[in-house]
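Only a predicted model underlies this, so the values are computations on that prediction, with no experimental measurement involved. Position 1 is the first residue of the sequence; numbering continues from there. These numbers come from the heavy atoms of this one structure, side chains and all, not from hydrogens, waters or symmetry mates.
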Amino acid sequence: MTISFYKYHGTGNDFVMIDNRQLTFPKNDTKTIQFLCDRRFGIGADGLILLENDNLTDLSAEKVDFKMVYYNADGQESSMCGNGGRCLTAFAKKLGIIQEKATFLAVDGLHHATISDSDLVSLQMIDVTAISFQPDYVFLNTGSPHHVILVDNLNQLDVKKEGAAIRYSSLYGQAGSNVNFVQPLGDNHFRLRTYERGVEDETLSCGTGATAVAIAMQALGKTDASLIDLEVEGGKLQVSFTAMHGKYTQVHLIGPATFVFEGKIKL
């Protein structure tokens with residue numbers, strides 16, 4: 001079997017994209033997904049994303065342009081991926097499915113996105129209505145679970161070691177959590193590094209993580225801005241939201257979605 005694929009990245013968070021509207025991809029073949037994401041033996045990526053037709057339009061009166069099915073590099077279907085959603089929007093535009101706007105279905109519900117001529121994508125994320133404040137960290141779900149912790153030694157931090165210790169701790173059980181280490185740079189400017197479950201390593205960027213950090217910093221009183229600038233290892237992102245009575249709505253993850261190359265691979 002030979003499949004066509006496209007490679008995209010969102011601030012260094014990279015994905016194998018496959019047009020699966022004909023439902024020919026072996027979706028339950030964990031080893032094939034692991035192979036495609038393998039950086040030595042396959043294409044190489046943090047995750048694999050299938051673009052499919054949406055057959056559940058009764059979920060909304062709106063027209064749904066496509067469906068997102070996301071797998072981590074470990075081959076397991078996973079929770080929402082913000083950078084992946086932005087890249088999938090750019091992929092849908094490349095395929096001619098959309099132009100400047102998209103509505104698509106992901107594992108956590110409907111998402112709206114806009115894309116500019118320069119492939120800058122603004123993706124609406126889910127509302128955040130619950131935040132757990134602990135003495136040393138904050139936990140919240142932005143489509144994926146995120147542990148957020150402030151540090152003052154971000155450059156020297158062993159993110160893989162420290163992140164894994166939290167991810168596999170008794171705090172989150174077998175499901176685990178993504179872990180974000182954050183250092184303030186200014187009033188509405190933060191730098192973060194993220195350990196991602198499923199990849200089981202630090203990634204150059206995490207969209208749901210950036211979203212979680214922006215909301216957590218506002219909730220902790222580290223900024224009163226509603227547009228947050230975020231530096232990740234692979235570039236820069238922005239997160240905007242409306243905050244009212246501890247609830248965060250109109251949450252948008254904003255950043256570039258970059259096409260890298262396309263090809264065919266024999267399985």
Side-chain angles (χ1 to χ4, degrees), residues 8 10-11 13-15 17 46-52 54 56 59-60 62 64-74 76-92 102-115 121-132 137-148 163 167 172 175-180 182 192 194-199 203-219 228 230 232 237-243 246-255 257:
Y8 277 79
T11 53
N13 198 190
D14 59 340
F15 308 97
M17 299 283 189
D46 292 327
L48 180 144
I49 304 177
L50 303 177
L51 184 149
E52 297 184 352
D54 167 50
L56 299 172
L59 289 177
S60 172
E62 300 177 76
V64 178
D65 298 298
F66 54 89
K67 178 182 177 182
M68 172 183 178
V69 183
Y70 175 68
Y71 298 86
N72 278 325
D74 64 2
Q76 301 299 318
E77 190 170 351
S78 188
S79 48
M80 180 58 184
C81 176
N83 285 328
R86 294 191 306 100
C87 287
L88 190 64
T89 300
F91 182 39
T103 298
F104 66 89
L105 182 67
V107 67
D108 61 341
L110 286 176
H111 289 265
H112 302 280
T114 60
I115 181 169
V121 179
S122 175
L123 173 65
Q124 185 173 6
M125 307 294 284
I126 64 168
D127 295 345
V128 174
T129 59
I131 303 175
S132 175
Y137 66 91
V138 172
F139 177 82
L140 63 161
N141 193 305
T142 54
S144 288
H146 283 278
H147 179 109
V148 178
R167 182 257 195 264
Y172 301 114
S177 174
N178 302 286
V179 183
N180 306 271
V182 190
L192 69 141
T194 301
Y195 177 94
E196 281 202 55
R197 63 174 189 170
V199 180
T203 54
L204 294 181
S205 179
C206 176
T208 55
T211 305
V213 166
I215 291 173
M217 292 303 101
Q218 204 273 353
I228 310 296
L230 298 151
V232 297
L237 294 166
Q238 290 185 308
V239 173
S240 66
F241 49 74
T242 298
K247 296 184 178 181
Y248 294 81
T249 60
Q250 295 298 314
V251 181
H252 287 83
L253 172 67
I254 306 160

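Residues Met80 and His111 meet the side-chain proximity criterion, which asks for heavy atoms closer than 4.5 Å. In this structure, the side chains of Phe241 and Val128 stay at 4.5 Å or more apart for every pair of heavy atoms. The shortest distance between side-chain heavy atoms of Asn178 and Pro145 falls below 4.5 Å. Leu237 places a side-chain heavy atom less than 4.5 Å from the side chain of Thr11. Between Leu192 and Val232 the shortest side-chain heavy-atom distance falls below 4.5 Å. Within the 4.5 Å cutoff, the side chain of Asn13 has heavy atoms near those of the Glu196 side chain. A heavy-atom distance below 4.5 Å is found between the side chains of Asn83 and Phe15.
Leu204 is linked by a side chain to side chain contact (heavy atoms under 4.5 Å, CB included) to Glu233, counting only residues two or more places apart in sequence or in another chain. Legend: residues meeting side chain to side chain contact (heavy atoms under 4.5 Å, CB included) with Ala90, ordered by chain and number and at least two apart, are Tyr8, Ile115, Ala257.
Residue Phe66 is tested with Leu105, Leu88, Asp54 for a side chain to side chain contact (heavy atoms under 4.5 Å, CB included); the sole match is Leu88. Of the listed residues (Thr208, Thr194, Asn141), just one forms a side-chain hydrogen bond (donor to acceptor under 3.5 Å, both in side chains) with His146, and that residue is Thr208. Checking His112, Arg86, His252 one by one against Leu123, the side chain to side chain contact (heavy atoms under 4.5 Å, CB included) holds for a single residue, Arg86.
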Expected list for residues 211-219: side-chain donor-acceptor pairs under 3.5 angstrom, two or more places apart:
residue: Thr211; atom: OG1; partner: Gly207; partner atom: O; Å: 2.9
residue: Gln218; atom: OE1; partner: Tyr248; partner atom: OH; Å: 2.5

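The OG atom of Ser78 lies 12.5 Å from the CG atom of Leu48; values are rounded to the nearest 0.5 Å. Here Cys81 contributes atom SG and Tyr70 contributes atom OH; the two are 4.0 Å apart, rounded to the nearest 0.5 Å. Rounded to the nearest 0.5 angstrom, Met68 CE and Thr89 OG1 are separated by 8.5 Å. Atom CD of Gln250 is separated from atom CD of Gln124 by 5.0 Å, given to the nearest 0.5 angstrom. From Asp14, atom CG reaches atom CE of Met17 across 10.0 Å, with rounding to the nearest 0.5 Å. Between Ser122 atom OG and Leu253 atom CG the span is 8.0 Å, to the nearest 0.5 Å.
For the residue pair Thr203 and Asp46, no side-chain donor N or O sits within less than 3.5 Å of a side-chain acceptor on the partner.
Under the 3.5 Å distance criterion, the side-chain polar atoms of Asn72 are left unmatched by any main-chain donor or acceptor of Asp74.
Checked against a 6.0 Å centroid threshold, the rings of Phe139 and His147 do not count as neighbours.
The shortest non-hydrogen separation linking Ala113 to Val121 is CB-CG1, 4.4 Å.
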